[in-house]
2 protein chains.
Amino acid sequence: MGSTTTKKGASGSTGKSNLPPARLKLAAAMRQLLRTKDFNSITTAEISRTAGANEALIYRYFKDKRGLLHQVLYDYLLEFHSEIQNEFKAAPGALDKLRCLVRAHIRMYDSNRVFAKILLLEVRNYPGYFESATYRLVKNYGKMVTEIVREGVASGEIRGDIPPFRIRDLILGGIEHFCISAVIFSHEISVAATAGQLCDLLFKGIEAVPKTGRGV
Amino acid sequence: MGSTTTKKGASGSTGKSNLPPARLKLAAAMRQLLRTKDFNSITTAEISRTAGANEALIYRYFKDKRGLLHQVLYDYLLEFHSEIQNEFKAAPGALDKLRCLVRAHIRMYDSNRVFAKILLLEVRNYPGYFESATYRLVKNYGKMVTEIVREGVASGEIRGDIPPFRIRDLILGGIEHFCISAVIFSHEISVAATAGQLCDLLFKGIEAVPKTGRGV
DNA sequence: CGATACATGTAAGTAATACTTACATGCGGT
DNA sequence: ACCGCATGTAAGTATTACTTACATGTATCG
């Protein structure tokens with residue numbers, strides 16, 4: 001994600017090492033403030049005060065206030081990515097993988113409300129977001145989901161008469177809407193139950209199964 | 001929606017009549033500006049200039065800049081509501097109604113990009129939105145969808161082993177994600193095809209149907 | 001060892017902008 | 001003719017994101 005100055009190692013992300021302390025403190029301050037306030041009502045003065053760093057450092061280490069927001073989201077996304085890769089270890093089929101992914105995604109939203117708030121509420125409205133490296137990560141995640149769907153189509157687990165990206169959209173849209181109300185109003189989420197119901201609906205559809213003689 | 005002064009008739013909405021001309025012009029200006037710019041980068045000066053009205057009038061007729069945005073969305077929602085009621089005339093079953101609703105909803109997003117942008121991108125990030133009369137309309141729409149689902153469960157068309165509000169969430173989440181990319185990047189939407197695919201997925205699920213001897 | 005280059009940190013300043021306030025104007029009703 | 005009230009106007013203010021010019025510490029290199 002390089003800020004202004006591209007250092008040698010550390011590839012730009014906030015990997016804790018190398019990066020100037022003020023930079024890390026500013027990101028931490030942004031995360032903390034987002035727990036209780038929305039992005040627009042957080043002032044740069046507040047951020048620097050909370051971080052115990054000078055206001056101008058925001059603009060040295062990030063493009064602007066939104067750049068800082070994007071960086072915070074970026075770090076969360078890296079964490080999420082690696083977490084989800086691990087989960088896949090023991091998932092043989094595409095549907096298993098999707099079940100896994102849905103659960104991990106919802107769990108991430110539940111246990112990390114700031115992450116959920118940023119992704120679901122705070123970035124979409126700013127056009128520049130869609131040019132950012134952060135958005136590129138999000139897009140990659142989407143591609144990964146599409147890839148799993150494609151895999152499922154190939155193996156015969158998932159229907160092939162609908163474009164895979166549509167199926168991906170339904171999955172991601174479902175996840176989002178199953179969580180967004182809880183995120184906005186700070187309600188709890190029962191991860192297992194929510195993920196289970198969502199997968200059930202996604203896989204089987206909403207139609208009642210007609211009373212066919214014997215199942216399958 | 002009453003602004004500051006609650007007039008006798010007109011129930012507050014921008015029903016064209018009674019309301020001061022400047023108020024209408026400001027709303028129209030906001031709509032026009034939103035066609036090309038995001039809410040945050042539209043200034044009050046720009047709004048008033050475009051409307052040919054004085055800047056202070058924004059604050060006389062609306063609570064603030066966001067109040068104006070909410071009013072614009074409110075008007076769109078009224079239009080959408082009445083449009084959707086009409087469509088229902090010739091929809092006997094719950095699934096027919098849902099099919100109808102999905103198509104109407106997507107068509108509305110397609111033919112009214114400003115409406116879609118506001119609802120999908122611009123309001124969610126502001127906490128005050130969820131206290132607004134505008135949000136109450138949106139919530140009512142959600143309740144209506146849930147009601148249709150409940151009707152479908154009662155008639156045996158829709159499965160009853162999942163809470164209706166979950167089914168609603170999947171439907172609305174699906175609609176949103178099927179459209180949001182086109183809204184953000186100003187691509188066209190093929191309403192019929194998109195709605196068809198979405199309903200198909202929603203109703204039947206994403207699993208490939210196993211080769212059961214004879215269908216139904 | 002001293003000097004230089006550079007990253008990090010600081011403080012004061014500026015332009016833009018959402019919102020306010022106090023004032024003018026037109027008009028309908030009595 | 002006059003009063004009340006809704007509508008419209010102009011100038012002002014406080015906030016805030018962002019800038020710029022400067023200070024400090026530290027590691028590198030002659």
Side-chain angles (χ1 to χ4, degrees), chain A residues 2-10 12 14 16-30 33-34 37-72 122 125-129, chain B residues 2-10 12 14 16-30 33-34 37-72 122 125-129:
Chain A
S3 55
T4 42
T5 55
T6 20
K7 274 282 275 267
K8 40 188 178 179
T14 312
K16 290 252 182 193
S17 56
N18 269 358
L19 298 173
R23 203 189 133 122
L24 299 172
K25 287 196 288 182
L26 286 167
M30 176 63 104
L33 289 169
L34 280 170
K37 306 182 71 168
D38 63 293
F39 175 75
N40 270 330
S41 23
I42 296 173
T43 70
T44 51
E46 206 174 0
I47 295 167
S48 56
R49 179 158 29 87
T50 304
N54 190 280
E55 198 176 332
L57 291 177
I58 296 172
Y59 300 92
R60 183 185 302 279
Y61 296 124
F62 311 97
K63 189 168 157 287
D64 53 13
K65 198 179 121 187
R66 276 210 117 85
L68 171 51
L69 179 74
H70 291 166
Q71 177 64 53
V72 168
E122 300 288 13
N125 61 325
Y126 178 66
Y129 165 67
Chain B
S3 55
T4 41
T5 53
T6 19
K7 275 285 277 267
K8 41 187 176 178
T14 313
K16 289 250 183 196
S17 56
N18 269 357
L19 298 173
R23 202 188 134 124
L24 300 171
K25 286 196 287 182
L26 286 168
M30 177 62 102
L33 289 169
L34 280 170
K37 307 182 70 167
D38 62 294
F39 176 74
N40 271 330
S41 26
I42 296 173
T43 69
T44 51
E46 205 174 1
I47 296 168
S48 56
R49 179 160 27 88
T50 305
N54 190 278
E55 198 176 330
L57 291 178
I58 295 173
Y59 301 92
R60 184 185 301 280
Y61 296 125
F62 311 96
K63 186 168 160 287
D64 52 15
K65 200 179 120 186
R66 276 212 117 85
L68 170 52
L69 179 75
H70 291 165
Q71 177 64 52
V72 168
E122 300 287 13
N125 62 328
Y126 178 65
Y129 164 67

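Every heavy atom of this structure was used, including side-chain atoms; hydrogens, water molecules and symmetry mates were not.
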About how many Å separate CG of A:Asp64 and NE2 of A:His70, when rounded to the nearest 0.5 Å? 8.0 Å
Find the distance between CG (A:Asp38) and OH (B:Tyr129) and round it off to the nearest 0.5 Å. 15.0 Å
Between B:Tyr59 and C:dT20, does any side-chain N or O lie under 4.0 Å from OP1 or OP2? no
For C:dG9, does either OP1 or OP2 sit under 4.0 Å from a side-chain N or O belonging to A:Tyr61? yes
For the side chain of [X] and the backbone of [Y], is there at least one donor-acceptor N/O pair under 3.5 Å apart?
X       : Y       : result
B:Lys25 : B:Ser48 : no
B:Lys63 : B:Gly67 : no
B:Thr50 : B:Glu46 : yes

Could you tell me the separation between the [atom1] atom of [X] and the [atom2] atom of [N], rounded to a whole number of Å?
X       : N      : atom1 : atom2 : answer
A:Asp64 : D:dT19 : CG    : P     : 8 Å
B:Leu57 : D:dA10 : CG    : P     : 11 Å
A:Ile58 : D:dT19 : CD1   : P     : 12 Å
A:Asn54 : D:dT20 : CG    : P     : 16 Å
B:Leu24 : D:dT7  : CG    : P     : 11 Å
A:Lys25 : C:dT10 : NZ    : C1'   : 13 Å
B:Arg23 : D:dG8  : CZ    : P     : 12 Å
A:Leu19 : C:dT8  : CG    : P     : 9 Å

Out of [options], which nucleotide sits closest to the side chain of [X]?
X       : options                : result
A:Ala56 : C:dA11, D:dC18, C:dC19 : C:dA11
B:Lys65 : C:dA18, D:dT7, D:dC18  : C:dA18
A:Arg60 : C:dC19, D:dG8, C:dT10  : C:dT10

Going by heavy atoms in the side chains, are B:Tyr61 and B:Leu68 under 4.5 Å from each other? no
So B:Glu122 and B:Leu69, do their side chains get closer than 4.5 Å, heavy atoms only? yes
Indicate, with a heavy-atom threshold strictly under 4.0 Å, whether A:Ala22 touches base, sugar-phosphate, or nothing. sugar-phosphate
Do you know which two heavy atoms are closest between A:Asn40 and B:Arg66, and how far apart they sit? ND2-NH1, 4.2 Å
Below 4.0 angstrom, which residues in residues 39-52 of chain A have at least one non-hydrogen atom near DNA chain D? A:Ile42, A:Thr43, A:Thr44
ring-ring contact (aromatic ring centres under 6.0 Å, His included) filter on B:Phe39, not counting sequence neighbours, yields none
Between its two end axes (five pairs each) the helix from C:dC1-D:dG30 to C:dT30-D:dA1 turns, nearest 10 degrees, through 10°
